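Reading through the structure tokens given below for one structure.
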Amino acid sequence: MLDQRLLRDNPELITEQLGRRGMSLNLTGLQLVARQARDLEERRSNLQAEGNRIGKEVGLQIKAGAAPQSTEVQELRDQGNQIKQQVAVLEEEEKHLDAKLREQLLALPNLPSPDAPDGKGEEDNVEIKRWGNPRQASAGETLEEHWQIADRLGLFETERSVRIAQSRFITLLGQGARLERALINFMLDLHGGKGYREVMPPILVNSASLTGSGQLPKFAEESFRCADDDLWLTPTAEVPVTSLHRDEVIPAEQLPLKYVAYTPCFRREAGSYGRDTRGLIRLHQFNKVELYWFCHPDHSAEAHQQITADAEAVLEALELPYRKIELCTGDMGFSAARTYDLEVWLAGAGAYREISSCSVCGDFQARRSAIRCKDGKTTQLVHTLNGSGLAVGRTMAALLENGQQADGSVQLPAALVPYFGAERISG
RNA sequence: GGAGAGGUGGCCGAGUGGUCGAAGGCGCAGCACUGGAAAUGCUGUAUAGGGGCAACUCUAUCGAGGGUUCGAAUCCCUCCCUCUCCGCCA
């Protein structure tokens with residue numbers, strides 16, 4: 001959420017910066033609402049002050065010996081009642097305006113960082129670097145896609161998963177299930193060794209949590225909801241981990257707080273019909289290991305470089321070629337101020353696919369979630385950062401495609417062997 | 001699911017209608033004392049919003065929302081949450 005004061009003092013900055021996201025908005029209406037709300041607050045609190053004064057006066061007079069039923073006291077009572085009525089009217093108006101203001105502010109995305117490159121969409125993203133040697137098919141060789149390999153080796157079950165749930169769900173089996181588990185453990189250990197505290201949060205989250213991290217109110221149709229309760233299946237660990245410290249004031253010397261969370265993630269993937277229908281790339285339920293920082297506002301820029309480097313380290317440890325791109329303003333997510341995406345090479349598909357997204361959100365989520373830090377006397381909003389470290393299913397897809405051998409088996413990177421218990425997967 | 005207890009400041013804990021944003025204690029910070037420290041003493045120490053250059057000041061907040069009253073932490077109603085016991089259960 002954006003600062004209301006910014007709306008009052010410098011609305012041009014908001015229009016200008018959200019313009020970089022491709023939004024054209026007219027804030028004059030909202031500005032008017034903000035100003036009216038403030039005027040109303042002033043009038044109301046002045047009236048209340050007067051009411052408080054009268055209330056005290058009644059107490060004093062009675063204490064001083066005035067008869068409670070005397071006309072003087074009764075007159076004060078009448079005045080008090082009058083003020084009460086006026087306050088009630090103003091309060092109702094104010095409540096209405098505040099709700100309107102909040103509703104509209106909650107629907108506005110974060111301002112992009114000055115460092116984020118301008119652009120309209122995916123095509124304007126900026127490639128920062130490439131790592132590793134993408135495997136290409138040599139002459140006469142055909143590289144399979146991961147779902148073909150998995151099918152051949154019996155790593156997961158697609159059609160029976162529809163029986164259990166519906167399409168876009170998958171059942172991992174045998175070595176496939178074991179590999180998924182090995183990857184989760186490997187990633188958690190790797191990050192845990194770098195100062196991340198492991199957290200296993202609830203994966204049903206309430207709507208306040210979704211609002212706090214930015215998924216609500218705008219993206220309700222992207223999440224699964226439990227109709228009988230105020231609970232949703234979390235679309236990413238970012239949601240529960242943000243709310244881990246909701247409404248808290250964190251002593252500044254404890255920052256940064258770095259968490260690594262493994263959770264299943266659930267997304268409706270509305271509007272992606274027909275895309276990535278096979279395999280592990282786009283599922284309603286997938287596993288993800290998420291990195292999350294709460295940090296001092298002065299240090300979020302370095303933190304962003306670090307959290308991204310920590311995600312890259314997983315790819316490098318797994319010997320998976322990738323490229324790092326910076327998202328342009330038109331392609332960034334709702335809560336992000338600046339985002340790096342990591343795209344892993346899929347040898348069978350012959351393409352880079354997103355496997356991690358590392359964002360700095362500034363104080364956007366912290367304001368929605370009321371997470372502050374206290375540094376001596378000053379209390380201010382923290383900055384939050386999140387990054388996938390990594391999406392587990394897509395990691396498996398990359399390992400299968402990049403490690404496939406002529407004999408049909410899959411060679412695994414050395415780092416994974418202690419976790420998986422074998423150097424290769426074969427039928 | 002059944003029965004009971006309870007939600008007050010960073011923490012403990014008093015407060016059952018009136019200058020209560022809230023005693024007291026702990027903790028923390030500053031100062032004094034000390035060669036230094038401990039102990040001691042004094043002072044200060046919530047959050048949000050509005051106004052003011054500032055000192056400061058106004059409003060709200062004692063789980064949440066509503067009600068009674070000139071006035072509510074205190075009385076009434078509804079809801080939420082926590083704890084204990086019983087039942088059930090991975």
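Quantities reported herein were computed from a predicted structural model and do not represent experimental measurements. Each chain gets a letter, A, B and so on, in the order the sequences are listed, and its residues count up from 1.
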Heavy atoms under 4.0 Å, any strand shown: does [X] hit a base, just sugar-phosphate, or nothing?
X       : result
A/Asn52 : sugar-phosphate
A/Lys63 : nothing
A/Arg5  : sugar-phosphate

Problem - Counter-base of B/C20, judged by Watson-Crick or G-U geometry with both distances under 3.5 Å - result: none
Rounded [atom1] spacing from [N] to [M] in Å:
N     : M     : atom1 : answer
B/A60 : B/G41 : P     : 37 Å
B/C12 : B/U69 : P     : 36 Å
B/A48 : B/U34 : C1'   : 43 Å
B/C86 : B/U68 : P     : 44 Å

Side chain of [X], heavy atoms from C-beta onward: which of [options] has the nearest atom to it?
X        : options             : result
A/Gln48  : B/A60, B/C70, B/C58 : B/A60
A/Ala49  : B/U59, B/U47, B/C70 : B/U59
A/Lys84  : B/U47, B/G65, B/U69 : B/U69
A/Lys374 : B/A60, B/A46, B/G51 : B/A46
A/Ile54  : B/C70, B/G51, B/G65 : B/C70

Salt bridge present between [X] and [Y] (N-O < 4.0 angstrom):
X        : Y        : answer
A/Arg44  : A/Glu41  : no
A/Glu145 : A/Arg278 : no
A/Asp124 : A/Lys120 : no

Problem - Exercise: do A/Asp310 and A/Gln306 side chains pair donor with acceptor under 3.5 Å - result: yes
Exercise for the section: Could you tell me whether the side chains of A/Tyr262 and A/Glu198 share a donor-acceptor contact shorter than 3.5 Å? Expected result: no
Fill in the blank from the handout: Heavy-atom nearest nucleotide on RNA chain B taken for A/Lys56 and for A/Glu42; more 5' hit belongs to A/Lys56
Handout entry: 5' priority, RNA chain B, between A/Ile62 and A/Arg372 [closest heavy atom]
Key = A/Ile62
Exercise for the section: Round to a whole Å and report the spacing from CG of A/Leu7 to P of B/G49. Expected result: 15 Å
